[in-house]
There are 2 protein chains.
Amino acid sequence: MSEARWDRSRCSVAGTLAIVGEKWSLLVLREAFLGVRRFADLQRTLGAPRAVLTDRLATLVDQGLLRRVPYQAEGERQRHEYRLTRKGVDLYPALVALMEWGDRYLAEDGVAPLELRHRDCGEPVHLALVCDGGHRLDGAREVRPVPHPSVRTAEA
Amino acid sequence: MSEARWDRSRCSVAGTLAIVGEKWSLLVLREAFLGVRRFADLQRTLGAPRAVLTDRLATLVDQGLLRRVPYQAEGERQRHEYRLTRKGVDLYPALVALMEWGDRYLAEDGVAPLELRHRDCGEPVHLALVCDGGHRLDGAREVRPVPHPSVRTAEA
DNA sequence: TCGAGTGAGTTCGTCAAGCGAACCCAGCGT
DNA sequence: ACGCTGGGTTCGCTTGACGAACTCACTCGA
């Protein structure tokens with residue numbers, strides 16, 4: 001259990017969840033990755049309450065995962081759309097990971113509702129754990145977590 | 001926007017979040033990956049309210065991500081500990097993804113609090129997007145999402 | 001110029017979920 | 001018999017999610 005002794009308070013998982021862990025946040029990002037950018041479209045595809053959606057968009061914007069970009073459809077007044085920033089795009093692997101798990105364990109007929117393909121070669125895409133030594137790992141068992149020295153807590 | 005037209009109701013991301021998206025669930029799993037198995041240890045390292053923790057553990061158990069295993073420390077009565085099942089272990093990439101994002105954007109001094117190393121070769125481990133053609137992708141832009149035919153919605 | 005329509009957002013009342021503290025209960029050692 | 005301890009429940013309170021109704025800014029057609 002010694003491996004468990006490190007400071008959780010600055011854990012990156014917790015930190016990330018503090019930003020995108022509220023209800024709907026990750027689903028908003030999913031839609032963003034699918035190209036949905038307008039409030040009304042988000043509201044319709046997600047079915048989230050308007051007030052919640054407003055709030056989630058606001059926090060995603062001021063956390064820098066989305067940015068509001070003005071646009072003007074013809075015959076309409078100027079509005080804003082929400083676009084992924086680099087910071088937002090970088091959450092893609094997390095969404096893919098959640099999706100792959102769902103595909104494996106939740107898909108009804110073993111058929112994934114949405115498939116990801118390499119834009120260049122058309123082959124299916126998935127996540128892999130790799131190391132700098134060039135090995136491809138098979139799962140969590142092959143990983144050893146190492147707390148950074150500066151954040152080890154004192155042993156009891 | 002055509003790419004956005006598919007049935008969200010069976011989206012794997014949403015499905016997965018329905019299981020592990022509540023507060024604390026993913027953090028419980030993080031602890032599990034670090035080897036924490038007992039209720040009291042979870043409660044202490046997480047700081048979650050007991051009632052919530054009880055509830056999260058119960059749902060994780062009956063969703064099959066954890067299993068209760070009886071154990072008996074000497075001089076104590078028999079108790080249960082919570083261990084990851086295969087289904088639970090398979091969520092590892094999702095946690096790693098969240099962690100990597102947090103390491104990149106949240107780490108104070110650019111120093112990740114916890115490092116993952118390959119147990120065999122000791123090299124740092126990370127997630128990568130790869131395709132069956134053997135290419136390593138650089139991010140979401142190189143991916144094309146393809147709704148499975150059976151779940152396309154009718155065009156409006 | 002007026003009035004209806006629409007996208008985006010706020011407000012409101014209700015209901016569910018998270019919270020800390022207190023309480024409970026089984027089985028162990030003394 | 002008693003108290004301790006790990007795991008869990010109960011309780012009141014606060015926070016958050018919810019859907020419906022309301023607002024506001026702007027465009028269009030009349």
Side-chain angles (χ1 to χ4, degrees), chain A residues 1 4 8-9 13-14 17-32 35-63 66-83 156, chain B residues 1 4 8-9 13-14 17-32 35-63 66-83 156:
Chain A
M1 198 162 317
R8 277 4 178 239
S9 72
V13 176
L17 288 174
I19 294 175
V20 296
E22 285 174 301
K23 217 171 179 183
W24 299 109
S25 298
L26 285 168
L27 296 176
V28 168
L29 293 173
R30 176 198 67 186
E31 293 304 312
V36 179
R37 301 202 175 117
R38 318 242 251 248
F39 188 94
D41 294 334
L42 288 166
Q43 215 263 306
R44 186 168 30 76
T45 59
L46 292 173
R50 300 165 94 72
V52 175
L53 187 52
T54 304
D55 181 81
R56 289 312 102 92
L57 287 170
T59 83
L60 289 173
V61 166
D62 72 46
Q63 292 292 333
L66 296 178
R67 62 183 201 281
R68 298 179 101 217
V69 178
Y71 74 97
Q72 184 147 19
E74 59 222 280
E76 289 188 9
R77 101 173 113 143
Q78 171 175 309
R79 300 181 184 288
H80 302 281
E81 57 184 16
Y82 299 88
R83 300 208 190 195
Chain B
M1 196 167 317
R8 285 349 187 245
S9 72
V13 176
L17 288 174
I19 294 176
V20 297
E22 285 174 303
K23 215 170 178 183
W24 300 109
S25 298
L26 284 169
L27 296 176
V28 168
L29 293 173
R30 174 196 69 186
E31 293 304 313
V36 179
R37 301 202 174 115
R38 320 242 250 247
F39 189 95
D41 294 334
L42 288 167
Q43 215 265 308
R44 185 167 32 75
T45 59
L46 292 173
R50 300 165 93 73
V52 175
L53 187 52
T54 304
D55 181 80
R56 289 313 105 92
L57 287 169
T59 84
L60 289 173
V61 165
D62 73 47
Q63 292 292 333
L66 295 178
R67 61 184 203 281
R68 299 178 99 218
V69 178
Y71 74 96
Q72 183 148 20
E74 59 221 281
E76 289 188 10
R77 99 173 116 144
Q78 171 174 309
R79 300 179 186 288
H80 302 278
E81 57 184 15
Y82 299 87
R83 299 206 191 196

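Naming: A, B, ... by sequence-line order, numbering from 1 per chain.
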Asks: Rounded to whole angstrom units, what separation is found between the CG atom of A:Leu46 and the P atom of D:dA17?
Replies: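 Interatomic distance, CG of A:Leu46 to P of D:dA17: 14 Å.
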
Asks: Checking A:Glu81 now: which residues fulfil salt bridge (Lys or Arg N to Asp or Glu O under 4.0 Å) with it, not counting sequence neighbours?
Replies: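 Residues passing salt bridge (Lys or Arg N to Asp or Glu O under 4.0 Å) with A:Glu81: A:Arg38, A:Arg83.
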
Asks: Run the side chain to side chain donor-acceptor pair (under 3.5 Å) test against B:Ser9 and tell me which residues pass, sequence neighbours left out.
Replies: B:Asp7

Asks: Starting at CG of B:Leu42 and ending at P of D:dG6, how long is that distance when rounded to a whole Å?
Replies: 14 Å

Asks: Looking at A:Gln43 and A:Ala48, would you say the former's side chain and the latter's main chain have a donor-acceptor pair under 3.5 Å?
Replies: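 At least one qualifying donor-acceptor pair exists.
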
Asks: Using heavy-atom distances to pick each residue's nearest nucleotide on DNA chain D, tell me which of A:Arg56 and A:Gln78 is more 5'.
Replies: A:Arg56

Asks: Using every non-hydrogen atom in the two residues, find where A:Ala14 and B:Arg30 come nearest and quote the distance to one decimal.
Replies: CB-NH1, 4.0 Å

Asks: List the residues meeting salt bridge (Lys or Arg N to Asp or Glu O under 4.0 Å) with B:Arg50, not counting sequence neighbours, and say none if there are none.
Replies: none

Asks: Summarise protein proximity over nucleotides 6-13 of chain C in one line of letters, 5' to 3': B for base, S for sugar-phosphate only, - for none, counting protein heavy atoms closer than 4.0 Å.
Replies: -BBBBB--

Asks: If I take atom CG in residue B:Leu53 and atom P in nucleotide C:dA17, what distance separates them, rounded to the nearest angstrom?
Replies: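 Spelled out: CG on B:Leu53 to P on C:dA17 is 17 Å.
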
Asks: Do NZ/NE/NH1/NH2 and the carboxylate oxygens of A:Glu31 and B:Arg8 come within less than 4.0 Å?
Replies: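 Result for this pair is yes, salt bridge flagged.
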
Asks: Which parts of residues 18-26 of chain A get close to DNA chain D, meaning a heavy atom less than 4.0 angstrom away?
Replies: A:Lys23, A:Trp24

Asks: Would you please name every residue forming a salt bridge (Lys or Arg N to Asp or Glu O under 4.0 Å) with A:Arg56, sequence neighbours left out?
Replies: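 Once residues adjacent in sequence are excluded, the partners of A:Arg56 under the salt bridge (Lys or Arg N to Asp or Glu O under 4.0 Å) criterion are A:Glu22.
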
Asks: Roughly how far, to the nearest 0.5 Å, is the OG atom of A:Ser25 from the CD atom of A:Gln63?
Replies: 10.0 Å

Asks: What is the distance, rounded to the nearest whole Å, between atom CD of B:Gln43 and atom C1' of C:dG18?
Replies: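 In whole Å, C:dG18 C1' and B:Gln43 CD are 14 Å from each other.
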
